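Everything below concerns the one structure shown next.
In this text the structure is predicted, and so the values were computed from the model without any measurement. Chain naming here is simple, since letters A, B, ... match the order of the sequence lines and numbering starts at 1 in each.
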Number of protein chains: 4
Amino acid sequence: MRERQILDAAVEVFSRHGYHSASMDEISEVAGVSKPMIYSYLGAKEDLFAKCIRREAARMLEAVRQGVRSELPPDMQLWHGLRAFYRFVAEYRDSWTVLHRQALTVGGQFAGEVNLLRSRAIDMVSALVVTAGTKKGLGQVAEFSGPALAVSLVGAAESLADWWLDHSDVSDGVLASWLMNLVWMGFNDLIEGDVWQPR
Amino acid sequence: MRERQILDAAVEVFSRHGYHSASMDEISEVAGVSKPMIYSYLGAKEDLFAKCIRREAARMLEAVRQGVRSELPPDMQLWHGLRAFYRFVAEYRDSWTVLHRQALTVGGQFAGEVNLLRSRAIDMVSALVVTAGTKKGLGQVAEFSGPALAVSLVGAAESLADWWLDHSDVSDGVLASWLMNLVWMGFNDLIEGDVWQPR
Amino acid sequence: MRERQILDAAVEVFSRHGYHSASMDEISEVAGVSKPMIYSYLGAKEDLFAKCIRREAARMLEAVRQGVRSELPPDMQLWHGLRAFYRFVAEYRDSWTVLHRQALTVGGQFAGEVNLLRSRAIDMVSALVVTAGTKKGLGQVAEFSGPALAVSLVGAAESLADWWLDHSDVSDGVLASWLMNLVWMGFNDLIEGDVWQPR
Amino acid sequence: MRERQILDAAVEVFSRHGYHSASMDEISEVAGVSKPMIYSYLGAKEDLFAKCIRREAARMLEAVRQGVRSELPPDMQLWHGLRAFYRFVAEYRDSWTVLHRQALTVGGQFAGEVNLLRSRAIDMVSALVVTAGTKKGLGQVAEFSGPALAVSLVGAAESLADWWLDHSDVSDGVLASWLMNLVWMGFNDLIEGDVWQPR
DNA sequence: AATGAATGAGTATTCATTCAT
DNA sequence: GATGAATGAATACTCATTCAT
């Protein structure tokens with residue numbers, strides 16, 4: 001469809017240049033569609049960008065959701081979720097770039113969209129942690145602010161994804177494991193030689 | 001001094017609108033100085049932005065560095081470092097915004113400056129972790145990729161800082177403690193009811 | 001065509017104010033076209049100016065070339081060439097102004113273009129003189145530096161053209177005759193009462 | 001004196017960059033004087049330029065005037081005058097550049113100044129020619145428009161001077177002789193092998 | 001339905017010129 | 001008398017956006 005064609009091009013171009021430096025001209029060229037078409041189908045630049053973000057966010061969420069196996073124990077769920085996330089980042093690099101880097105630049109105009117994605121991700125994590133906690137009979141974790149911990153985890157995962165873009169010689173499984181050792185085991189256990197491993 | 005006056009204004013405006021949308025006109029107005037003065041003292045827009053980033057990065061590093069008490073055990077060092085970081089974010093909100101959000105937008109032109117800051121931060125954390133690890137006679141941590149873990153921690157801290165901007169009713173100490181419970185104890189210990197607390 | 005429309009306006013404005021003082025705004029206004037069109041069709045100010053010069057130079061050369069009747073004796077050829085030149089100056093006053101006065105001002109950036117024109121003119125004259133000389137079996141003239149004489153003649157013709165702009169009550173034929181009496185006969189013959197006249 | 005110091009610098013800078021591109025900053029720097037001084041002594045940029053032209057024009061006229069030996073026959077007077085002119089051009093290259101090239105660029109603002117110089121030069125030449133003519137009992141020359149011929153001669157001399165700047169391996173005497181052969185003898189005589197030589 | 005052609009509005013940057021000292 | 005510091009005003013250039021076809 002025309003709409004999809006244009007969105008694909010837009011994501012590519014926004015990813016390459018960022019919101020401001022991306023030109024409608026280049027987008028129309030890459031899409032192989034005239035500029036008036038873009039305006040007719042997707043509205044002004046701002047709308048277009050918003051729609052890019054929304055679509056890519058949905059894609060990513062879906063990918064992660066599919067990765068999580070809810071029949072497994074919480075730690076394994078988290079691990080699989082992280083792997084799915086990293087696979088997505090690897091496969092849809094442009095999507096990731098747009099979501100993570102470019103979406104922040106537009107004066108908070110799109111913070112909403114991105115925050116929505118982030119909240120969703122955070123919700124997923126929170127659920128996991130809380131579940132794990134309650135299973136063990138400890139609601140304590142929530143008091144340490146489940147949301148805040150989830151936010152931190154998401155930030156860590158994102159940051160590591162960025163790092164990965166420049167150190168791509170590591171598998172998604174290893175990457176996820178590293179992160180598990182940080183957030184599941186903590187430095188303290190690591191120091192003690194106590195590591196986490198997928199079972 | 002004039003230079004400082006201008007840089008302050010520039011940080012404020014860049015923080016508000018981002019690099020591209022910020023206009024030299026607004027900066028000059030906020031600074032209470034005519035535009036030619038800006039060019040004379042700090043050069044073109046790009047230079048100006050670079051100088052903003054460099055100054056704020058230096059400030060932040062200094063603040064964190066001063067917060068860390070190297071005579072304390074590693075976990076306490078980390079905790080104090082985090083607190084210093086959050087105090088800085090709270091006090092110099094604009095600095096933080098510019099460093100974290102806006103610096104990424106300029107086509108990687110300034111990635112260098114920001115990455116430098118980030119590397120410095122990561123180095124500090126790495127040093128702590130490695131120190132802690134070796135004290136216990138365990139080089140293991142390195143195999144989990146010290147750098148990657150440090151990257152993750154920094155990401156987590158940044159992400160939490162962002163979250164904090166919208167949930168400012170928490171003290172920096174609490175915030176740092178939350179993060180310590182994530183990275184030092186890990187979910188596993190938390191679930192077990194094993195929490196980290198400043199001593 | 002749009003391109004022609006713009007070039008016409010540009011020549012007019014450059015002729016009036018010179019390269020530096022001419023503003024793209026005025027050109028666009030005179031052309032009855034918006035500024036972006038100028039940039040789109042003809043590029044930046046410098047390109048625009050270069051294109052003006054090139055077009056006018058070509059025009060002028062063509063005009064002169066068409067004026068020369070190569071079947072006539074050398075002196076008549078020269079006379080006809082000069083007439084054609086003055087007719088061109090009279091008809092395209094702006095072209096002449098741009099070529100002669102304004103093209104020199106841009107820091108030698110366009111000296112090339114103009115010098116090319118001048119060389120062409122000089123070549124034509126040189127050819128004539130040398131032809132005349134060799135017909136009479138005398139290569140001597142070249143030894144008096146054909147090029148230098150040609151340069152001088154061109155300079156004389158240009159200077160006279162400028163003078164003419166303020167004393168337009170003289171026909172191109174008369175003007176050309178005056179010049180012939182200078183360069184063909186010389187003061188000496190004139191003093192002797194020996195004048196040149198078209199046959 | 002301060003005034004002279006500034007004028008010297010101005011001529012140098014105007015000669016290098018032309019009127020528009022020359023900056024008051026550079027002039028003040030070259031003069032070793034602060035900008036307000038320039039304004040105080042010589043007025044605004046336009047005034048300054050006018051004064052440069054006036055001074056250099058006077059210098060040049062004086063130089064030529066001193067070169068002419070009025071006790072000699074007209075052709076020798078002319079030849080000596082031309083030599084003096086070329087010696088001046090060689091020695092005060094900047095003066096010549098400013099007078100000939102740069103003065104034309106300013107939208108006719110300074111045409112007056114330069115034309116004044118030119119008229120003076122033309123007057124000198126006219127006088128010579130007329131004198132020569134009348135001595136021979138022939139008022140004819142005037143009918144060929146003494147002024148126009150003078151204008152042409154001056155143009156030829158200027159043009160040749162410009163050419164000389166790029167072919168400096170010729171003495172001023174030779175240069176003047178070439179020109180004499182053009183304007184005194186004419187192509188016709190040259191073709192006949194009849195050349196002019198200083199006696 | 002689709003586009004080539006056109007533009008309004010905005011921004012960085014530069015300099016001649018002048019105060020305050 | 002002399003200047004460092006400051007600015008008003010001007011200009012090239014770009015790009016999102018829309019008609020006329």
Angle of first-five versus last-five pair axes in the helix from dA2(E)-dT21(F) to dT21(E)-dA2(F), to 10 degrees: 30°

Cation-aromatic face contact [X]/[Y], 6.0 Å, 45 degrees:
{"X": "Arg59(B)", "Y": "Phe88(B)", "value": "no"}
{"X": "Lys51(C)", "Y": "Tyr41(C)", "value": "no"}
{"X": "Lys45(A)", "Y": "Tyr19(A)", "value": "yes"}

Taking for each residue the nucleotide of DNA chain F with the nearest heavy atom, is it Ser34(B) or Ala22(C) whose nucleotide lies nearer the 5' end? Ser34(B)

Which residue lies more 5' along DNA chain F, comparing Gly32(B) with Pro36(A) via nearest heavy atoms: Gly32(B)

Can you measure [X] atom [atom1] to [N] atom [atom2] for me and round it to whole angstrom units?
{"X": "Glu46(A)", "N": "dC15(F)", "atom1": "CD", "atom2": "P", "result": "18 Å"}
{"X": "Lys45(C)", "N": "dT14(E)", "atom1": "NZ", "atom2": "P", "result": "15 Å"}
{"X": "Phe49(D)", "N": "dA16(E)", "atom1": "CZ", "atom2": "P", "result": "13 Å"}
{"X": "Asp25(B)", "N": "dA9(F)", "atom1": "CG", "atom2": "P", "result": "14 Å"}
{"X": "Ile38(C)", "N": "dA12(F)", "atom1": "CD1", "atom2": "P", "result": "10 Å"}
{"X": "Met1(D)", "N": "dG1(F)", "atom1": "CE", "atom2": "C1'", "result": "16 Å"}
{"X": "Met37(A)", "N": "dG4(E)", "atom1": "CE", "atom2": "C1'", "result": "13 Å"}
{"X": "Tyr19(D)", "N": "dA16(E)", "atom1": "OH", "atom2": "P", "result": "9 Å"}

Can you list the steps and then say if Tyr39(C) with Met24(C) is a side chain to side chain contact (heavy atoms under 4.5 Å, CB included)? CA-CA 10 Å; Tyr39(C) 284 87; Met24(C) 295 301 269; 3.7 Å; yes

Could you check which of dA16(F), dT17(F), dA2(F) has an atom nearest any side-chain atom of Ser23(A)? dA16(F)

Measure from the side-chain heavy atoms of Tyr39(A) and tell me the nearest of dT14(E), dA2(F), dT18(F). dT18(F)

What is the nucleic acid contact for Met24(C), judged by heavy atoms within less than 4.0 Å: base, sugar-phosphate only, or nothing? sugar-phosphate

When rounded to the nearest 0.5 angstrom, what distance separates CD1 in Ile6(C) from OG in Ser40(C)? 8.0 Å

Heavy atoms of other groups near Glu62(A) CD, more than 12 under 6.0 Å: yes

Can you check whether Arg2(A) has a side-chain N or O nearer than 4.0 Å to OP1 or OP2 of dA1(E)? no

Examine dA5(F): is either OP1 or OP2 under 4.0 Å from a nitrogen or oxygen in the side chain of Tyr41(B)? Give yes or no. no

Tell whether Lys35(B) reaches the base of dT13(E) with its side chain through a donor-acceptor pair below 3.5 angstrom. yes

Salt-bridged, Asp47(D) to Arg54(D), with N to O below 4.0 Å? no

